[in-house]
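Notes follow once the structure below has been shown.
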Amino acid sequence: MEIAIFGKSFGDVFFDNCHQLFNYLHQKSIKIHIYKPFYDFLLEKVKLKPNVAGFFYGPDDLPPVDMLFSIGGDGTFLKAVTFVRDSGIPVVGINSGRLGFLADISRHELPAALQEIESGRYKVKELALLELVSPHNLIGDFNYALNELAVHKQDSSSMITIHVYLNNEFLNSYWADGLIVSTPTGSTAYSLSVGGPIMHPSSQGIIITPIAPHNLTVRPLVVPDDMELMLKIEGRGGKFLASLDSRSAVVDESTELRIRKAAFTINMVERSTQSFYATLRNKLMWGADKRN
């Protein structure tokens, strides 16, 4: 087995688990390629020097491995997606903190999860992405999002107006602080925080959720994922902020944004016992009585 490891800095609560992870990989003679800045962090802060077969710095030098381990939170997982891209390499999300829908293997589950993965007892779930189509590569060379595309006003003053079209048919003009176009995977992320619905990751839909709309009758809307959305934005400042997951850029209001479902998916590794409904209960604390 040959894997790549990507990660960012994390707190000392995960230091022992990190040693445990690399000890297990070494015992099983698993060949490791590691993101060089993360390797430097391990050396300096964790006092860990893993045995590695090589380093990578970006998507262009990521080797054709069996899996990529993302160590961190959901933000780290989203960054890992920009490395694997359309390669089909499955991503394992190991959570170094507490809350994670994508990085859903907690430090307490790590020993059992590693054994399951090494023995092939796991599931692979395909996650849909959104593709941003525009005259230029607005946000680097990877204009895709696993969670959402969002447009925001650039400053804290007046609202912006977002004109939305579905398959070139006018839907609505949103007077709001911004708008989120989300995948089912992203329904538990930014969209949820502004009142959007939760969707099962296997659902085939796209969520349109306004951010602080001026009209209270404007509600989130779910449309089929075979539709293409077009956004035209107006605002007093003449510019707005567009973001794909955690990557963003300031965009001129004359720029039209077209969003559609990407032609490829991201393969996410799950434990064979993992349940989306159990994840909702655990992460969102459904049914938990905290009065005592």
Side-chain angles (χ1 to χ4, degrees), residues 58-60 75 78-79 81-82 85-86 128-187 189-197 205-264 266:
D60 293 336
L78 293 174
K79 183 65 176 180
V81 167
T82 69
R85 303 193 173 192
D86 60 350
L129 297 94
L130 296 175
E131 179 184 6
L132 171 62
V133 182
S134 61
H136 310 285
N137 289 333
L138 295 178
I139 307 177
D141 62 347
F142 186 70
N143 281 256
Y144 297 87
L146 180 60
N147 272 353
E148 74 274 316
L149 173 139
V151 294
H152 310 258
K153 60 182 184 180
Q154 192 183 359
D155 52 43
S156 59
S157 58
S158 60
M159 297 179 293
I160 57 176
T161 304
I162 308 113
H163 307 288
V164 179
Y165 298 79
L166 298 175
N167 287 348
N168 295 318
E169 180 179 349
F170 178 65
L171 169 65
N172 187 31
S173 292
Y174 293 89
W175 299 346
D177 285 353
L179 189 77
I180 301 169
V181 180
S182 169
T183 64
T185 301
S187 70
Y190 192 7
S191 176
L192 178 64
S193 71
V194 296
I206 295 174
I207 309 166
I208 304 171
T209 310
I211 304 170
H214 179 69
N215 301 95
L216 296 181
T217 55
V218 174
R219 311 305 302 164
L221 176 67
V222 179
V223 300
D225 65 2
D226 59 355
M227 286 187 161
E228 181 179 88
L229 286 73
M230 180 175 67
L231 310 184
K232 297 180 180 180
I233 293 91
E234 296 179 25
R236 290 182 183 176
K239 294 182 182 296
F240 63 93
L241 187 68
S243 63
L244 291 170
D245 292 336
S246 58
R247 296 158 288 129
S248 61
V250 176
V251 182
D252 188 89
E253 69 175 6
S254 63
T255 305
E256 293 183 356
L257 305 181
R258 291 185 177 270
I259 305 106
R260 63 192 181 196
K261 182 180 179 181
F264 63 95
I266 293 297

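- Taking 4.5 Å as the limit, every side-chain heavy atom of Leu149 sits out of range of all side-chain heavy atoms of Leu229.
- Note that OG of Ser134 and CZ of Arg258 are 11.0 Å apart. Values are rounded to the nearest 0.5 Å.
- The two residues Ala128 and Lys261 make their nearest non-hydrogen contact at CB-CE, 4.0 Å.
- Evaluation of the side chain to side chain donor-acceptor pair (under 3.5 Å) rule for Lys79 yields no partner, not counting sequence neighbours.
- A 4.5 Å side-chain heavy-atom check between Glu148 and Asp245 finds at least one atom pair inside the cut-off.
- What you find for Ser254 and Asp252 is that their closest heavy atoms are OG-OD2, 2.6 Å.
- Rounding to the nearest 0.5 Å places CG of Leu130 at 9.5 Å from OG1 of Thr185.
- In this structure, CG on Asn147 lies 10.5 Å from CD1 on Ile180, to the nearest 0.5 angstrom.
- Atom-to-atom distance recorded for Ile259:CD1 and Thr183:OG1 is 13.0 Å, nearest 0.5 angstrom.
- Of the possible donor and acceptor atoms, none in the side chain of Arg247 sits under 3.5 Å from a partner among the backbone N and O of Ala145.
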In residues 205-220, what donor-acceptor pairs under 3.5 Å come from side-chain atoms, sequence neighbours left out?
residue, atom, partner, partner atom, Å
Thr209, OG1, Ser191, OG, 3.0

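- When atom types are taken as modelled, the side chain of Ser248 and the backbone of Ala242 share no donor-acceptor pair closer than 3.5 angstrom.
- Residues Val251 and Ile233 fail the side-chain proximity criterion, which asks for heavy atoms closer than 4.5 Å.
- Between Tyr190 and His152, the angle of the ring planes stays under 30°, which puts this pair in the parallel group of the 30/60° scheme.
- The shortest side-chain heavy-atom distance between Asn143 and Leu138 falls under the 4.5 Å cut-off.
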Please report, to 0.1 Å, the donor-acceptor pairs under 3.5 Å made by any side chain of residues 158-174, with sequence neighbours excluded.
residue, atom, partner, partner atom, Å
His163, ND1, Ser173, OG, 2.5
His163, NE2, Glu234, OE2, 2.9
Asn167, OD1, Glu228, N, 2.9

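- One finds the CD atom of Gln154 at 7.0 Å from the CG atom of Leu241 (value rounded to the nearest 0.5 Å).
- Between Met227 and Val223 the shortest heavy-atom distance is SD-CB, 4.1 Å.
- Between Phe240 and Leu257 the shortest side-chain heavy-atom distance falls below 4.5 Å.
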